[in-house]
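One structure is given below, encoded as structure tokens.
So that the names make sense, note that chain A is the first sequence line, chain B the second, and so on, each numbered from 1.
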Amino acid sequence: MAGSPRDPPSRQSEATTAFSLMPELAEVEYFRRQWDCGLGQKILRVQLHARKRVFRGSNTRALGHDLTGSHFLRSESWGKQMLFEFSGGNPEIIGAREKIRSWIGIHLGMTGTLRVEPSDFCPEKHDHLVLRQTKRALVFRDARLFGRVRFHHGKSAPDWWRAGGPDIHSAAFDRAFFDGFLKRHARAPIKSVLLLQSGFAGIGNWMADEILWRAKIAPLRTAGSLSSTRRDRLFRETRFVAIESLRIISPAFGDPPRDWLIHQKWKRNGVCPRHRTPLCKAMIGGRTTVWCPLCQR
DNA sequence: CAACCTGTTCGCCA
DNA sequence: ATGGCGAACAGGTT
């Protein structure tokens, strides 16, 4: 498991439990960068498992046709979404309109990964998309098929890109937006609201619990019940966890700091990192939620 | 071996 | 019309 070149680095908490990989904000950014070594290079061949669920709603024929012969130009991520841009591709299209581009959008779902393999790489069962270049293969793997690959061909980025809320680490994610979003979902548990990608782009299950623990807010409290003081804390800790995760995890899949809640979350008998109180566990918003009953109110 | 886990979408309901 | 919620999806892991 750990150490295989085709798996991302595995994390190991100080106990025996390795916690599973769930691509959230910083992990997505880490995976996006894995394909950077292929930037500027030509795509010689495209291999894909056209009937797999990850391609739902996408024209796989057009994807294969238009990416073949194109150059990988750039990529960006937004929340848990990634966008990869390629030059027009097939010669006849380039000749017609040189500004036409091809784009693929990738969402990693729960088990998706992006990685690079040598040029003699042979795709396995779960390697649903492989972009072959002269010196390497860019690979998308997803065992559970909750991920998604979208395709777009045109002069500008597709409509489905940037359809959601602002980046948490951007100026657009301000108190006015934050307060408005909480007000709009006033009757839902705050844990559920933190998982809504239209307001908290990139926040997933572990980040949401980490944020609530730091802000000392119980996950079942409704968004509308939070005082201005509590919203201050929540806003600040949301930004802190997002920015710190990006700083620590994205470059090399680093471990979050030892005193973060996530290290306790997957243990059978996890305790609050502040005062070692046993943590509570429950299903909130359809997700396993862990919190400290002492400091989170 | 069957239940479990998980992010997003979809349909239903208030 | 809008938002909250549970089911469905898939398959490796327990």
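A straight line from NE2 of A:H185 to C1' of C:dC5 spans 13 Å, rounded to a whole angstrom. In this structure, A:L196 atom CG and C:dG4 atom P are separated by 8 Å, rounded to whole Å. Atom CG of A:D142 is separated from atom P of B:dC5 by 20 Å (rounded to the nearest Å). Separating the CZ atom of A:R53 from the P atom of B:dT9 is a distance of 10 Å, rounded to the nearest angstrom. Distance, A:F146 CZ to B:dC5 P: 14 Å, rounded to whole Å. Rounded to an integer number of Å, the gap from CD1 of A:I190 to C1' of C:dG4 is 14 Å. A:I284 has its CD1 atom 13 Å from the P atom of B:dT6, to the nearest Å. When the C1' atom of B:dC5 is taken as reference, atom CH2 of A:W206 falls 18 Å away, rounded to whole Å.
The number of heavy-atom neighbours closer than 6.0 Å to CZ of A:R175, taken from other residues, nucleotides and ligands shown, is above 12.
Taking the six-membered ring for Trp and thresholds of 30 and 60 degrees, A:F72 and A:F84 have ring planes inclined between 30 and 60 degrees apart.
Electrostatic pairing of A:R33 and A:E29 counts as a salt bridge here, judged by a charged N lying under 4.0 Å from a carboxylate O.
Phosphate contact (OP1/OP2 of C:dA10, side-chain N/O of A:H126, threshold under 4.0 Å): absent. For the OP1/OP2 pair of C:dA10 and a distance below 4.0 Å, the side-chain nitrogens and oxygens of A:K52 include no atom meeting the criterion. For A:T111, no side-chain nitrogen or oxygen approaches OP1 or OP2 of B:dT6 to under 4.0 Å. Between A:R184 and C:dG3 there is a side-chain N or O to OP1 or OP2 distance below 4.0 Å.
Looking at heavy-atom distances under 4.0 Å, A:R144 makes contact with a base. If you check every strand for non-hydrogen atoms under 4.0 Å, A:T288 touches sugar and phosphate atoms only. Using a 4.0 Å heavy-atom criterion, one finds that A:A223 contacts no nucleic acid atom at all.
Both A:G286 and A:R150 lie close to DNA chain B; mapped to their nearest nucleotides by heavy-atom distance, the more 5′-ward contact belongs to A:G286.
Side-chain contact check for A:S102 and A:D66: no donor-acceptor pair (N or O, by modelled atom type) lies under 3.5 Å.
Put simply, the side chain of A:Q81 never gets that close to the backbone of A:H107: no donor and acceptor are under 3.5 Å apart.
Comparing B:dT8, C:dG4, C:dA10 by their closest approach to the side chain of A:A188 singles out C:dG4.
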